[in-house]
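First the proteins, then the strands, lettered A, B, ... as listed; each starts at 1. Basis for what follows: all heavy atoms, side chains included, without hydrogens, waters or symmetry-related copies. These figures come from a predicted structure and were not determined experimentally.
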2 protein chains.
Amino acid sequence: MLRISKLTDYGTLIVTQMAATPAQVVSATELADALGLGLATVSKVLKALGRHGLVLSHRGTRGGYLLSRPPEQISIADIVDALEEQPFGLTECSAGSGTCSLETGCRIRGSWIRINAVVREALQGVSIAEMTPPPDLSNAPSPASQRVSGPGRLARNAG
Amino acid sequence: MLRISKLTDYGTLIVTQMAATPAQVVSATELADALGLGLATVSKVLKALGRHGLVLSHRGTRGGYLLSRPPEQISIADIVDALEEQPFGLTECSAGSGTCSLETGCRIRGSWIRINAVVREALQGVSIAEMTPPPDLSNAPSPASQRVSGPGRLARNAG
DNA sequence: GCAAACTGTACTAAATTGGTACTGTATTTG
DNA sequence: CAAATACAGTACCAATTTAGTACAGTTTGC
Ligand code: FES
Ligand code: FES
């Protein structure tokens, strides 16, 4: 359907939320609460992000997660890579080798690989820092607007 | 998974195949045979392409389909639009309105809409004519290489 | 009238995704 | 050291989406 998965979407939401207070440890519970998502779901996403080095985790009583890099250096493509296990590519054939018996002769495969590259660049060109304006006003509750009732992607939960 | 659906993929394959002999009526059976796909599947794709005006159909004994435009004027985006019923957009929130309760206040939505536009341009910038070299050698069986055993995307069928 | 070929719908099975539960481990705190 | 907190990892089930096919109908050409 040419969509990123919801988990990936949550990833962008979570990282964006974390970018509001960079270099600060936030627990999965806090993030889940702030975004209106289930704790288990948020944990799943954070774990994947951690495996790919986008966030650092800290266990224990006052543990939590924090971004491993400044938001300017985290792109949408990074998050996609972390949360979609399969290799990047709009078609099965162009995502890797071995799937298609006609790889050597097929010419549309080359075209798809080119298309993939352009799409990927688009995702790489957008950083998390660009997703929301920088929090100049440290007092203004900039992410609070997201705390009202949770994102609509969760309409099911919100019932 | 950030993939187009297989049906859409078949669409590109079918239209590319038809572009090899433009302005010529080809039956769904012939296309299915040439590409190693099931007839019902090919019919389903062609019907959708017809509904969106990409191919013209002709019923009856010697009927079939033909491209409604020269291959240069058919883009990958056209095929995606025809075969993915849902509106274009990488995330649910950015594909349309009404899905999310935070639309008005949400700032990452704007970013996603921008990303969508770039991705869409990438798909619009590639025409079917670019997918394979133009058939200068009318004798050379350029599409024949695809007739060997069917695309690997169908490994299940071929197995 | 018969056969070829498209039209349209409906259904079933498979694959993927989404969400959650449960058990384990590390760290802080007192 | 014990208790509480929070991450780690796995495994599982439900919901959704996709893929493929079947079937009954209609149009056209011979
Ligand atoms: S690489 Fe699979 S059909 Fe071209
Ligand atoms: S528009 Fe849905 S979370 Fe932003």
Side-chain angles (χ1 to χ4, degrees), chain A residues 1-11 13-14 18 25-33 35-52 55-66 80 83-86 91-92 95 99 150-151 153-159, chain B residues 1-11 13-14 25-33 35-52 55-66 80 83-86 91-92 95 150-151 153-159:
Chain A
M1 146 163 60
L2 202 38
R3 292 258 169 96
I4 62 174
S5 74
K6 280 196 183 179
L7 274 300
T8 305
D9 198 355
Y10 296 158
L13 228 23
I14 289 170
M18 291 176 76
V25 174
V26 203
S27 73
T29 307
E30 288 174 290
L31 287 168
D33 192 49
L35 297 169
L37 301 171
L39 171 60
T41 301
V42 170
S43 291
K44 187 192 247 186
V45 172
L46 283 166
K47 197 174 1 169
L49 293 175
R51 264 199 299 270
H52 290 259
V55 301
L56 301 174
S57 62
H58 199 236
R59 290 206 206 181
T61 304
R62 313 211 41 189
Y65 295 89
L66 84 163
V80 169
L83 295 176
E84 318 258 344
E85 280 309 322
Q86 333 219 10
T91 68
E92 187 180 337
T99 335
R153 345 187 176 207
L154 303 174
R156 196 181 324 118
N157 290 358
Chain B
M1 149 164 57
L2 202 39
R3 292 258 168 96
I4 62 174
S5 74
K6 281 196 184 180
L7 274 301
T8 305
D9 197 356
Y10 297 160
L13 227 24
I14 289 169
V25 174
V26 203
S27 73
T29 309
E30 287 175 292
L31 287 168
D33 192 49
L35 297 169
L37 301 170
L39 170 59
T41 301
V42 170
S43 290
K44 187 191 248 183
V45 172
L46 283 166
K47 196 177 357 169
L49 293 175
R51 263 199 300 270
H52 289 258
V55 302
L56 301 174
S57 62
H58 200 237
R59 288 206 208 180
T61 305
R62 310 211 42 188
Y65 295 89
L66 85 164
V80 169
L83 294 176
E84 317 259 344
E85 280 309 322
Q86 334 219 9
T91 68
E92 188 180 336
R153 345 190 176 202
L154 304 173
R156 195 182 326 120
N157 290 356

Taking N or O atoms only and anything under 3.5 Å, show me the protein contacts with nucleotides 28-30 of chain D, one pair per line.
residue, atom, partner, partner atom, Å
D:dT28, O2, B:Thr61, N, 3.3
D:dT28, O2, B:Thr61, OG1, 3.2

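- One atom, CZ of B:Arg3, and another, P of D:dT17, lie 19 Å apart when rounded to the nearest Å.
- Remark: P of D:dA19 and CE of B:Met1 are 9 Å apart, rounded to the nearest angstrom.
- Across the protein-nucleic acid pair, B:Leu2 atom CG and C:dT16 atom C1' stand 15 Å apart, rounded to whole Å.
- One distance of note links CG of A:Leu35 with OH of A:Tyr10; it measures 10.5 Å at 0.5 Å rounding.
- A:Leu46 has its CG atom 12 Å from the C1' atom of D:dA8, to the nearest Å.
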Please list each protein N or O that sits under 3.5 Å from an N or O in nucleotides 10-12 of chain D, with the distance.
none

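- Comparing atom distances between the B:Ser57 side chain and each of D:dA8, D:dT21, C:dT7 picks out C:dT7 as nearest.
- At a threshold of 4.0 angstrom between heavy atoms, the contacts of B:Leu39 with the nucleic acid are absent.
- Listed pair A:Thr41 / C:dT20 meets the phosphate criterion, a side-chain N or O lying under 4.0 Å from OP1 or OP2.
- OP1 or OP2 of D:dA19 lies within a sub-4.0 Å distance of a side-chain N or O belonging to B:Ser5.
- Considering all non-hydrogen atoms of both residues, A:Ala28 and A:Ser43 come closest at CB-OG, 3.9 Å.
- Looking at heavy atoms from C-beta onward, A:Met18 lies out of side-chain contact with A:Leu49 at the 4.5 angstrom threshold.
- Per the geometry, CG belonging to B:Leu49 stands 14 Å off P belonging to C:dG8, to the nearest Å.
- Atom CD of A:Gln86 is separated from atom P of C:dA15 by 13 Å (rounded to the nearest Å).
- Between B:Thr41 and B:Leu7, the closest side-chain pair of non-hydrogen atoms falls below 4.5 Å.
- For the pair B:Glu85 CD and C:dG8 P, the interatomic distance rounds to 13 Å; values are reported in whole Å.
- In this structure, the OH atom of B:Tyr65 is 8 Å from the C1' atom of C:dA5, given to the nearest Å.
- The shortest distance between side-chain heavy atoms of A:Leu46 and A:Leu31 falls below 4.5 Å.
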* What do the steps show when you test A:Gln86 against A:Glu92 for side chain to side chain contact (heavy atoms under 4.5 Å, CB included), and what is the final call? -> CA-CA 10 Å; A:Gln86 333 219 10; A:Glu92 187 180 337; over 6 Å; no

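- Residue contacts for B:Gly64: at a heavy-atom cut-off of 4.0 Å it reaches the sugar-phosphate backbone alone, with no base atom in range.
- Looking at heavy atoms from C-beta onward, A:Val80 lies in side-chain contact with B:Leu2 at the 4.5 angstrom threshold.
- Here the side chain of A:Ser27 is nearest to one of D:dC7, C:dC6, D:dG20, namely D:dC7.
- For B:Ile14 against B:Val42, the heavy-atom pair with the smallest separation is CD1-CG1, 3.9 Å.
- Residue B:Tyr10 places at least one side-chain N or O under 4.0 Å from the OP1 or OP2 atom of D:dG20.
- Shown here are the side chain to side chain contact (heavy atoms under 4.5 Å, CB included) partners of A:Arg51, two or more places apart in sequence or in another chain: A:Lys47, A:Ala48.
- Side chain of A:Glu84 to backbone of A:Thr8: no donor-acceptor contact under 3.5 angstrom is found.
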